[in-house]
There are 2 protein chains.
Amino acid sequence: MDNPLPAAARALRAAGHRLTRARLAVLQVLEAEHAGLSPQELYERGRAIYAPLGLVTVYRTLALLDELGLVRRVHSDQERHAYACAGADRHHLLCSGCHRLVEFPCQGLDELVASVQARTGYRITEHLLELTGLCPACQATGGPADPTPHHPAPRGA
Amino acid sequence: MDNPLPAAARALRAAGHRLTRARLAVLQVLEAEHAGLSPQELYERGRAIYAPLGLVTVYRTLALLDELGLVRRVHSDQERHAYACAGADRHHLLCSGCHRLVEFPCQGLDELVASVQARTGYRITEHLLELTGLCPACQATGGPADPTPHHPAPRGA
DNA sequence: GCATAACTGAAAACGGTTGTCAACAAGGGG
DNA sequence: CCCCTTGTTGACAACCGTTTTCAGTTATGC
């Protein structure tokens with residue numbers, strides 16, 4: 001199979017870090033998937049690429065990638081953090097059905113931020129915007145298009 | 001001292017739950033503070049009001065209040081969850097200096113959401129927006145205006 | 001006051017994340 | 001090509017926040 005050597009891998013090297021098999025495995029999984037992945041999931045899938053991969057290394061790799069801005073942390077509601085490749089925008093749209101994750105440009109947000117800034121006197125430096133909904137595919141199937149959700153815990157009256 | 005019996009306390013009763021001393025303590029701390037508090041902090045401060053309060057009860061109370069919509073979960077960046085009293089709006093503006101938390105109306109957000117909806121085909125059901133910056137007071141002092149970001153108050157105060 | 005069921009607190013269980021440390025391997029130099 | 005240096009790794013355990021368990025307690029209705 002071909003290893004296209006992800007752009008992130010080159011960025012890693014450029015930043016003076018070694019390009020190890022473990023890191024490459026994590027990067028490949030991350031690039032292949034278009035959804036937020038938990039460290040655990042990353043670990044499991046990564047081992048399919050590089051068997052001796054350890055969970056601890058996944059955590060460290062994720063921390064490194066996050067530091068370099070190559071990956072982004074996503075808050076999946078109450079769930080644990082998930083990570084996804086970082087694109088131009090930092091805003092995520094999460095499908096509650098299939099957990100697919102897309103990024104979108106925040107066109108109107110700047111104005112909103114400016115407005116809040118003017119009204120409150122705060123000097124705003126960061127913003128986190130995450131939208132949740134159903135993607136077209138999941139709407140079509142009348143619910144989760146993916147029959148394998150990670151948390152079917154209807155713990156509520 | 002006077003116990004104004006927070007509105008949330010009445011809501012609790014109205015929902016058919018008992019108004020216990022432990023819950024009252026948590027509510028009082030929550031109402032007194034205008035910042036997001038972690039369960040641990042809530043526990044420490046709550047014990048100043050009601051000594052036998054247990055951490056477990058804080059968690060349970062928080063879960064109950066969240067379920068009733070009386071409290072809201074805040075993601076403090078990489079930190080653990082924090083909780084704050086829920087107001088009309090679900091959007092928070094967090095000061096990185098003093099950790100003060102204010103809510104603000106999301107006037108322009110609906111349009112932004114509608115725009116994203118139209119562009120992506122997703123049916124958006126939820127949104128999370130958190131802004132971070134420096135409040136006027138912290139800007140004035142050139143940094144954190146409060147030298148004690150969030151330290152536990154074992155006694156007094 | 002009494003009964004009852006909701007509620008509580010202590011401790012333990014649990015699961016995710018981080019620290020430790022000897023072994024390993026990526027990358028540069030000889 | 002091999003060696004060396006040192007960043008990196010992986011197994012294990014420590015750590016910490018959260019949840020479960022369970023017997024004792026307390027709020028509320030009678």
Side-chain angles (χ1 to χ4, degrees), chain A residues 3 5 9-27 36-44 46-68 71 73-83 150-151 153-157, chain B residues 3 5 9-27 29 36-44 46-68 71 73-83 150 152:
Chain A
N3 287 348
L5 198 53
R10 269 173 276 134
L12 209 59
R13 283 258 56 212
H17 298 279
R18 289 187 183 171
L19 186 53
T20 64
R21 306 242 269 149
R23 286 173 177 170
L24 207 42
V26 172
L27 282 174
L37 292 176
S38 68
Q40 187 66 40
E41 290 170 326
L42 232 17
Y43 168 57
E44 287 160 3
R47 282 204 299 183
I49 295 176
Y50 177 57
L53 179 65
L55 178 58
V56 182
T57 299
V58 173
Y59 276 100
R60 280 187 292 230
T61 301
L62 248 16
L64 177 62
L65 294 174
D66 188 36
E67 186 181 313
L68 294 176
V71 107
R73 215 167 196 163
V74 185
H75 304 268
S76 290
D77 200 22
Q78 317 250 9
E79 307 304 318
R80 294 292 176 221
H81 309 288
Y83 290 82
H150 335 229
H151 49 86
R155 175 184 56 85
Chain B
N3 288 347
L5 199 53
R10 268 173 278 135
L12 209 59
R13 282 256 59 212
H17 298 280
R18 290 187 183 170
L19 187 51
T20 63
R21 307 243 269 149
R23 286 173 178 172
L24 207 42
V26 172
L27 282 173
V29 174
L37 291 175
S38 68
Q40 187 66 40
E41 291 170 326
L42 232 17
Y43 167 57
E44 287 159 3
R47 281 203 299 183
I49 296 176
Y50 177 57
L53 179 65
L55 178 58
V56 182
T57 299
V58 173
Y59 276 100
R60 280 188 290 228
T61 302
L62 248 15
L64 177 61
L65 293 175
D66 188 36
E67 189 179 311
L68 294 176
V71 105
R73 212 166 197 165
V74 185
H75 303 271
S76 290
D77 199 22
Q78 316 252 8
E79 308 302 317
R80 295 294 176 219
H81 309 288
Y83 290 81
H150 43 105

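Chain letters run A, B, ... following the sequence lines, proteins first and then strands; every chain starts at 1.
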So does Ser38(A) get a backbone contact from the side chain of Glu41(A), meaning a donor-acceptor N/O pair under 3.5 Å? yes
Is the shortest side-chain heavy-atom distance between Leu12(A) and Leu65(A) below 4.5 Å? yes
Using a cut-off of less than 4.0 Å, is there contact between a side-chain N or O of Arg13(A) and OP1 or OP2 of dG27(C)? yes
Check for a donor-acceptor pair, side chain of Arg23(B) on one end and backbone N or O of Arg18(B) on the other, with a separation under 3.5 Å. yes
Of the listed nucleotides dG19(C), dT28(D), dT19(D), the one nearest the side chain of Leu19(B): dT28(D)
State, to 0.1 Å, how close Val71(B) and Leu62(B) come at their nearest heavy-atom pair, and which atoms those are. CG1-O, 4.1 Å
Between dA27(D), dA26(C), dG17(D), which one does the side chain of Tyr59(B) approach most closely? dG17(D)
So Tyr43(A), base contact, sugar-phosphate only, or nothing? Heavy-atom distance under 4.0 Å. nothing
Heteroatom pairs (N/O) under 3.5 angstrom, protein to nucleotides 4-8 of chain D:
{"from": "dT6(D)", "atom 1": "O2", "to": "Arg18(A)", "atom 2": "NH1", "distance (Å)": "3.4"}
{"from": "dT6(D)", "atom 1": "O2", "to": "Arg18(A)", "atom 2": "NH2", "distance (Å)": "3.2"}
{"from": "dG7(D)", "atom 1": "N3", "to": "Arg18(A)", "atom 2": "NH1", "distance (Å)": "3.3"}
{"from": "dT8(D)", "atom 1": "OP1", "to": "Arg18(A)", "atom 2": "N", "distance (Å)": "3.2"}
{"from": "dT8(D)", "atom 1": "OP1", "to": "Arg23(A)", "atom 2": "NH1", "distance (Å)": "2.8"}
{"from": "dT8(D)", "atom 1": "OP1", "to": "Arg23(A)", "atom 2": "NH2", "distance (Å)": "3.2"}
{"from": "dT8(D)", "atom 1": "O5'", "to": "Arg23(A)", "atom 2": "NH2", "distance (Å)": "3.3"}

Check against side-chain contact (heavy atoms from CB on, under 4.5 Å), Leu53(A) and Tyr50(A): CA-CA 6 Å; Leu53(A) 179 65; Tyr50(A) 177 57; 4.0 Å; yes
Could you state the CG-P distance from Leu42(B) to dG17(D), rounded to the nearest angstrom? 14 Å
Name the closest nucleotide to the Arg60(B) side chain, picking from dG9(C), dT18(D), dT17(C). dG9(C)
Measure the angle between the two terminal helix axes of the helix from dG1(C)-dC30(D) to dG30(C)-dC1(D), five base pairs each, and quote it to 10°. 30°
Ignoring hydrogens, what is the shortest heavy-atom contact between Tyr43(B) and Leu55(B)? Give both atom names and the distance. CE1-N, 3.3 Å
